Amino acid sequence: MRFLLVAENNSLSHFAKALAIRRGLTELGHDVLLGVGQRWESYLVGSDICYAVLPEIRDHDFSGFPGVPWFNNVSGLEHVINAERQLIDSYKPDRVLGIFRFTLKASAAIAEVPCDSLICGCLLPGACDAYGYLPDEPGASKQADLMSGFFRYAGKQLSLAMNRHGLPGIRDAREMLLGKRTFLWDFPDFFECKLPASCIHVGMPEWSMDVPEYQDFELFENRPLAVLTFGTCVGEGASVRFITQQLNELGFHVLLAGGGQTKVIEGIEDKPWLTVRQFAPLHRLWNRVRLLVSHGGQATVFEALRHKIPVAVLPFQPEQAHNGVCLEQIGCGLRLSCGQPFLGNSIVYEQAMLAAGCDSLKEKIEQLFDFATADRLGAIQKKMGVYRGLPNLLPLLVE
């Protein structure tokens, strides 16, 4: 079979999922073409991976998370749809798979090619609106209004672009993330919801990016290791010094991984208790990590949970904030800031954490190391074992 895989390129983890699926399909003897944005093309130059560069709906602002700028230019949306359709017409795949891709469903419909989707459960239409809030937390209703209003606006803009191709409109942009089959990379206990038809939990397709051989293991011998990483989809670093200092005072050796973002680690140098790197081979370090502090991206969070490591979340956008809520509900992590109404500026989460102060952060971290947390981490690890990612997904893709 011939497959076209297209990920939204705001996050390296989405691109990495496409690489993992591509590898699995090619090992089974299938032909695979990757549609990739310019941001990640450098990872493929000189490789034997077949790819085509596609425009993105985030090209004019390169925001790391869905916001109004992604959708306010209808001509830009139509340009992306046309480019995808032309690639489908030239490559002639048997199926296409969108990974958190808002336009591919329309392109595939125009080309009359089946389109599947890979997303997380909280982005299913109707599954959640109060992103980042516990059900009874003050402000949840306001956040629900803000988020549902945004997705309706985005749906209206996408509808205008699709109508130009004779496609029916939609009410909510999240409808574009549903495929003929919708595969969920999370697992039921993490985010509980009623699944629409043709939705299947498969688990996280894992991909370990190659980094230079890591020689700093001896630095971690005298203290428990805490990893601090904010992923690749946002470039803020204002809270890094605050968090690292509190972790130091709690007795941790901190590994700060910048994820390729220079702003995150700019001006921060190694210390006896601090190791600073652009990238770190976490797949080789998990057995030594005691704590993960992150933006709440599910790829990293789920790796930590598989190794029974508690997670503290400082998010930069609502979906990440809701991953913190889900961690609290399963008793395996917590948020470093309470729920915040989101108007497009990530700083609200940082401000809430800083306003709570040093003692609050330390108290939260210490809460993660009681016996009850350890028991819950063990139970979740067992439940995640059913949802193995590629071994679950690949047989379904090639049916």
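If you're wondering where the values come from, they're calculated on a predicted model, not measured in any experiment. Below, all heavy atoms of this structure are taken into account, side chains as well, without hydrogens, waters or symmetry copies.
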Considering residues, nucleotides and ligands other than [X], do more than 12 of their heavy atoms fall under 6.0 Å from its [atom1]?
X: Lys364; atom1: NZ; result: yes
X: Arg376; atom1: CZ; result: yes
X: Arg164; atom1: CZ; result: yes
X: Lys383; atom1: NZ; result: no
X: Asp359; atom1: CG; result: no

Parallel, tilted or perpendicular, judged at 30° and 60°: which one describes the rings of [X] and [Y]?
X: Phe369; Y: Phe252; answer: tilted
X: Phe187; Y: Phe190; answer: tilted
X: His322; Y: Tyr131; answer: perpendicular

Is the side chain of [X] donor-acceptor paired with the backbone N or O of [Y] at a distance under 3.5 Å, no angle test?
X: His30; Y: Met1; result: yes
X: Gln320; Y: Phe316; result: yes
X: Asn73; Y: Leu77; result: no
X: Trp286; Y: Glu303; result: no
X: Ser107; Y: Thr103; result: yes
X: Ser117; Y: Leu177; result: yes
X: Asn248; Y: Thr244; result: no
X: Gln246; Y: Lys362; result: no

Do the side chains of [X] and [Y] get close enough for a salt bridge, i.e. N-O under 4.0 angstrom?
X: Arg39; Y: Glu56; result: no
X: Arg277; Y: Asp270; result: yes
X: Asp189; Y: Lys382; result: no

Least distance between heavy atoms, [X] atom then [Y] atom:
X: Ala18; Y: Leu5; answer: O-CD1, 3.6 Å
X: Leu292; Y: Ala304; answer: CD2-CB, 3.8 Å
X: Asn323; Y: Gly296; answer: ND2-O, 2.6 Å
X: His295; Y: Phe230; answer: ND1-C, 3.3 Å
X: Val53; Y: Gly37; answer: CG1-C, 4.4 Å
X: Cys332; Y: Ile380; answer: SG-CG1, 3.7 Å

Charged tip of Arg2 within 45° of Tyr91 ring normal and under 6.0 Å: yes
In sequence, state the C-alpha distance, the side-chain angles, and the governing distance for Cys120 and Glu319, and then conclude on side-chain contact (heavy atoms from CB on, under 4.5 Å). CA-CA 10 Å; Cys120 58; Glu319 180 198 340; 3.2 Å; yes
